[in-house]
Amino acid sequence: MKDFMLIFRQPSYDYSNLSPNEMQTLSKKWQDWVGGVAAQGKLKATGQRLSSEGKVLKAGGVITDGPFVEIRERLGSFMIVKADNLDEATTLAHGCPALDYNGSVEIREIV
């Protein structure tokens, strides 16, 4: 079995406009989805939610505000799953709550 990183991206991770009930519903969706992956014995690790601010260091010592100033989506978090191949890891990504908020999940094998 191989390890794959699921990288969660969304245009914004600002949930300050959600009501407490909406936030609770969103949290439950994440818990249920991650719990479902774990119940299959496929969850290896989860990452904490990342700050929206940061810096990017580029070749030559160039530092820019970041992260990911070149794209419109923000990296919110990640998790590592176990799967036999990329197709199986992609199947595990289905149902990710980031998709409900116009986000995406990038699936990459860890080599």
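Predicted model only: the values in this text are computed from it and were never measured.
With W30 contributing its side chain and A98 its backbone, the two residues share no donor-acceptor pair below 3.5 Å.
Nearest heavy-atom pair across L92 and V37 is O-CG2, 4.1 Å. Closest of all the heavy-atom pairs between G47 and S77 is O-OG, 2.8 Å. A89 and F4 get closest at one heavy-atom pair: CB-CG, 3.5 Å. Nearest heavy-atom pair, A93 versus V105, reported as atom, atom and distance to 0.1 Å: CB-CG1, 3.8 Å.
Other residues, nucleotides and ligands contribute at most 12 non-hydrogen atoms within 6.0 Å of the CD atom of Q24.
Under the side chain to side chain contact (heavy atoms under 4.5 Å, CB included) criterion, T91 pairs with no residue at all, not counting sequence neighbours. Every residue was checked against the side chain to side chain contact (heavy atoms under 4.5 Å, CB included) condition with Q31, not counting sequence neighbours, and none meets it. Every residue two or more places apart in sequence or in another chain was checked for a side chain to side chain donor-acceptor pair (under 3.5 Å) with E109, and none qualifies. Judged as a side chain to side chain donor-acceptor pair (under 3.5 Å), and not counting sequence neighbours, the contacts of D3 are K44.
Taking CZ of R108 as the start and CG of L86 as the end, the distance is 10.5 Å to the nearest 0.5 Å. A distance of 12.0 Å separates CD of E22 from OG of S27, quoted to the nearest 0.5 Å. The structure places CG of N85 at 8.5 Å from OG1 of T90, a figure rounded to the nearest 0.5 Å.
Listed by first and then second residue, the salt bridge (Lys or Arg N to Asp or Glu O under 4.0 Å) pairs that reach into residues 32-41 are K28-D32, sequence neighbours excluded. For the salt bridge (Lys or Arg N to Asp or Glu O under 4.0 Å) condition, the pairs that include at least one residue of residues 76-98, sequence neighbours left out, are K42-E88.
Residue F8 is tested with W33, F78, Y101 for a ring-ring contact (aromatic ring centres under 6.0 Å, His included); the sole match is W33.
Hydrophobic clustering, with ILVMFWY side chains joined whenever heavy atoms are under 4.5 angstrom apart, keeps M1 apart from I110.
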